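To start, the structure itself, in structure tokens.
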Amino acid sequence: MKTVTLTMPLDMHVHLRDAEMLNTVAPLTSYSFSGALVMPNLVPPVKTVEDVRGYRHRIKVAMESDDFEPYMTLFYQNYSRDFLISIQDEITAVKLYPSGVTTNSEGGVESFDIESMRETLEAMAELGIVLCVHGETNGFVMDREAEFMSVYEMLAQNFPKLKIVMEHITTREAVEMLDRYENLYATITVHHLMITLDDVAGGMLRPHLFCKPIAKRPHDRDALLKIVLEAHPKVMFGSDSAPHPRHAKESCGCGAGVFTAPIALQLLCAIFDEHDKLENLQAFVSDNAQRIYGICAEYKEVVLVEHDFVVPQMYGSIVPMMAGETLKWSIERVD
Ligand code: NCD
Ligand code: ZN
């Protein structure tokens, strides 16, 4: 039977939520990952030293293992250089949401006025704090990411020393942008390597596949697959696992977010194996992120085996992607 050993897998974009939901999902991520970049879009969002410390503490309590590091983020607003200096040791990145484009992003950036952002972004560059961006406009849903490319260009040109991560990219346009600027990087989810808009809304509506950014066209998915399978050095895995309770997904106002944390590594193994590229998975799920972020991850070995795994119908109140379906790979053990 085929096996794969991944060392120190990292999920560089995850939503762990808070309270009861945190208690359900944190152990699922800390079981199979060495660390994860934790998104700050709580209600209210993570914006102060106290917010970061408190949330980190609650995550640590909710996890069921010690060999996991939550890499903390702040919700972007124009922070002063002094504030960033005071918090630099406690955060890894700042996450920028344009206002209103996704779940809990209401307090995000209204307009990209470079001069008003300059102090914050220059200080981040100086201090080595990464800028993570949810790159969507509020235009037509299929065009939102492509329309955002001009903002990435403006940021990359104005702040050449700032590391900018284009989060959860879904389009050919974003893939093409990656090599145009040295300081642009990207995360890619597992679901965007698997589905297109057709899977979400082409037949019966599938709320558990509905997320922001929405899955795009086959040529977009192919472009993502190409750079992921070759483990392009500027690309990292970020699941964007975004749990919502079942009643919030199976409703007439379905919240955006796909829950993949407990199945992400199994799905990635299947995808890389199908394309005979298993040797590149380690770089995609860990090495690239460690190099880009300058992270030295907690030691962990995850052994996966080509053996059926039936995805549970529910984890607590949450329906995972592919609930009840059989995956080809499973996690054999974690050391
Ligand atoms: C995320 C969430 O639910 O917090 N939703 C999503 O569809 N991805 C927010 C985000 O990352 O856009
Ligand atoms: Zn997200």
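Counting starts at 1 for both ligands and their atoms, in listed order. All of these numbers come straight from a predicted model, not from anything done at the bench.
Atoms of ligand 1 lying under 4.0 Å from at least one heavy atom of Gly257, given by number and element, are 5 (N), 6 (C), 7 (O). Against a heavy-atom cut-off of under 4.0 Å, Cys211 is close to the following atoms of ligand 1: 7 (O). Every atom of ligand 1 with a heavy atom of Ala242 under 4.0 Å away is listed here by number and element: 1 (C), 2 (C), 3 (O), 5 (N). Set against the non-hydrogen atoms of His13, the atoms of ligand 1 under 4.0 Å away are 11 (O). In the vicinity of Lys212, heavy-atom distances shorter than 4.0 Å reach the ligand 1 atoms 6 (C), 7 (O), 8 (N), 12 (O). Atoms of ligand 1 lying under 4.0 Å from at least one heavy atom of Asn41, given by number and element, are 2 (C), 4 (O), 9 (C).
Aromatic ring pairs are classed by plane angle as parallel below 30°, tilted from 30° to 60° and perpendicular above 60°; the pair His134 and His168 is perpendicular.
Here His191 has no heavy atoms under 4.0 Å from ligand 1, in either its backbone or its side chain. In Glu167, neither the side chain nor the backbone holds a heavy atom less than 4.0 Å from any atom of ligand 1.
A donor-acceptor contact shorter than 3.5 Å links the side chain of Asn158 to the backbone of Met154. Remark: the backbone N or O of His307 is not paired with any side-chain donor or acceptor of Lys328 at under 3.5 angstrom.
Ligand 1 has no nitrogen or oxygen under 3.5 angstrom from a nitrogen or oxygen of Tyr97.
Nearest non-hydrogen protein atom to atom 5 (N) of ligand 1 is Ala256 O, 3.0 Å. Among protein heavy atoms, atom 9 (C) of ligand 1 sits closest to Thr102 OG1, 3.4 Å. For atom 8 (N) of ligand 1, the closest non-hydrogen atom of the protein is Asp240 OD2, 2.7 Å.
Within Asp240, the N, O or S atom lying nearest to the Zn ion (ligand 2) carries the name OD1.
Within the coordination shell of the Zn ion (ligand 2), defined by N, O or S atoms under 2.8 Å, Glu167 is absent. For the Zn ion (ligand 2), the set of nearby N, O or S atoms under 2.8 Å includes one belonging to His13. Among the atoms of His168, none of the N, O or S atoms falls under 2.8 Å from the Zn ion (ligand 2).
Taking the six-membered ring where the residue is Trp, the centroids of Tyr76 and Tyr97 are separated by 6.0 Å or more. Ring-centre distance between Phe148 and Phe112: below the 6.0 Å cut-off.
Counted within 6.0 Å of CZ on Arg81, heavy atoms from surrounding residues, nucleotides or ligands total 12 or fewer; the atom is thus considered open. Residue Glu182 places its CD atom among 12 or fewer non-hydrogen atoms of other residues, nucleotides or ligands, all under 6.0 Å distant.
Ion pairing between a basic and an acidic side chain is recognised when a charged N comes within 4.0 Å of a carboxylate O; Glu250 and Arg206 show no such pairing.
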**Prompt:** Stepwise, does the side chain to side chain contact (heavy atoms under 4.5 Å, CB included) test hold for Phe68 with Glu298?
**Reply:** CA-CA 6 Å; Phe68 176 84; Glu298 303 281 316; 5.9 Å; no
